[in-house]
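Worksheet: one structure, shown below.
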Amino acid sequence: MDEPSPAPGSRTLWGLGPAPVGLALVVELAAVAAAVAGLFSLPASGGPLLLALGLTALSVVHTELATGIERIRRRASENSYFDLSSVWTFAAALLLPPGLAAVVIVLVYVHLWHRVWSPAGIPLYRHVYTTATVLLAARAAHEVVALAGGLPADPTQPGVVLAVGLAVGSYVLVNTLLVGAVIALSGPRPVLRDLLGRWDDNALEVATLCMGALAAVALASTPALVALVLPPILVLHRAVLVRQLEQEASTDAKTGLLNAAAWQAEALRVVDRARRTGSGAGVLMLDLDHFKTVNDTHGHLAGDDVLAAVAAELRAEVRVHDVVGRFGGEEFVVLLPDLPTGGTGRTELWRVAERLRDRVSRLDVGVATSGGLRTVTGLSVSIGGATVPTDGTTLDQVLTAADASLYEAKAGGRNLVRIAADGHVPSPRRPTA
């Protein structure tokens, strides 16, 4: 999995706060206790030890081969590395006694620290916590397979698929809960998507674990076949790279929102679906008032900070599935799927717009200028809105109506909301002197 971005103030362990620090210490102590308990019950035979050395060597080879791909990712993004080492840690959990599996995991993550995380500037405490979660997740997977009698040498035996599937589920569940818990305690307003991870990231993790299961089966029956696992893993690294490049191409660099082309592509799909199903949707166009004054007074870099701050407020206020983009300059656009049709939809669209307008009007942005740190205040935004299908059945029609409404809001004195055909919408509150 990709290491999560550090929260503000979390470059040191104590910057996280007492609750996440306490949880981290409990998880790490539990991982140490589980590993030590496993070490006291190691078998005397040398076979498992050779297997542990082999899995560690395969992980080292995998990391070294993937370094070139990940170097390209680092040039394209701040993300340092996407960790697919669970191929080998999961195989160790299925094949080895818990103590030896713990040794393999620690060795794998020590190597990752020296070759990947430390050069990328990842805080050590985060890497330690990640290692602890993997140790506990691997132990959970091992216990599930042990209850089924262990991984058989013959993969055709009944029940092996079910046992491995349950082991994958337990590994993902334990790891997700432990990572999500510390994220929930580290931030004031945790979002479910941040706690559970994105769907595509979880899918990639499951695919990696499945490759680990296949590696374990190969090692248990025909060890030479494990070499065939490396090419697919490198392909997964390239798939992550391609996905990241696609995201970079669709993202506005200054705000982190969708750029105009990506927003329009997503909006076209939503509007077409609304037309087919007879449902409603809404579009809001927002324009920062007097933004040129910000650039002229504080500089263009400060203006970029203001754009990023406004974008964050817009994203935080709307729903997860609403589509927010930067339309160019100081203009933003928001698409709200699944609105009611008719006057009810216009009223709901107006309420959302008013919340956005009010949120921006209360925003203070700290910016660095040639004269030192300053705070930009007095921001406001004019908003125009239109709905599907009342104001149009195509995206171009709805955008035209929303743009006309935005012009009315600007002409009416700015810091206003205007919704197309809004005769039944409550009168917007005018700005005070």
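In this text, all values refer to a predicted model and were calculated from it rather than measured experimentally.
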So do F332 and T255 actually touch side chain to side chain, heavy atoms under 4.5 Å?
yes
Is there a donor-acceptor contact under 3.5 Å from the side chain of S59 to the main chain of T56?
no
List the atom of A281, the atom of P337, and the distance in Å for their closest heavy-atom pair.
CB-CA, 4.3 Å
E348 and R351 ion-paired at < 4.0 Å:
no
E354/R357 ion pair, N-O < 4.0 Å:
yes
Does Q397 reach the main-chain N or O of T393 with its side chain, forming a donor-acceptor pair under 3.5 Å?
yes
Ignoring hydrogens and geometry beyond distance, is a side-chain donor-acceptor pair present between S382 and D287 at under 3.5 Å?
no
Run R355 and D358 through salt bridge (Lys or Arg N to Asp or Glu O under 4.0 Å) and show every step you take.
CA-CA 5 Å; R355 291 200 301 269; D358 180 67; over 6 Å; no
For L349 and A386 the tightest heavy-atom approach is CD2-O, 3.5 Å
Going by ring pair (Phe, Tyr, Trp, His ring centres under 6.0 Å), name the pairs with one or both residues in residues 18-38, residues two or more places apart or in two chains.
none
Does any non-hydrogen side-chain atom of M211 lie less than 4.5 Å from one of L84?
no
For L356, run the side chain to side chain contact (heavy atoms under 4.5 Å, CB included) check against V381, V310, V318, V417 and tell me which one passes.
V318
Tell me whether R275 contacts the main-chain N or O of S279 through its side chain, where contact means a donor paired with an acceptor under 3.5 Å.
no
A side-chain contact here means heavy atoms from C-beta on lying under 4.5 Å apart; do L112 and H127 qualify?
yes
Would you check if there is a donor-acceptor pair between the side chains of T89 and Y109 at a distance under 3.5 Å?
no
Going by heavy atoms in the side chains, are V360 and L288 under 4.5 Å from each other?
yes
Should E331 and L406 count as side-chain neighbours, where that means a heavy-atom distance under 4.5 Å?
yes
I want to check something: taking the side chain as every heavy atom from C-beta on, are V103 and L107 in contact at a cut-off of under 4.5 Å?
yes
Just to verify, which of V27, V134, L25 counts as forming a side chain to side chain contact (heavy atoms under 4.5 Å, CB included) with Y129?
V27
Over 12 non-hydrogen atoms of neighbours within 6.0 angstrom of CG in L301:
no
Which heavy-atom pair separates G303 from N295 by the least distance, and what is that distance?
CA-OD1, 3.3 Å
Side-chain donor/acceptor of D403 to backbone N/O of L399, under 3.5 Å
no
I383 to A353 - nearest heavy-atom pair and separation
CD1-O, 3.2 Å
Under the ring pair (Phe, Tyr, Trp, His ring centres under 6.0 Å) test, which residues partner F327, sequence neighbours left out?
W263
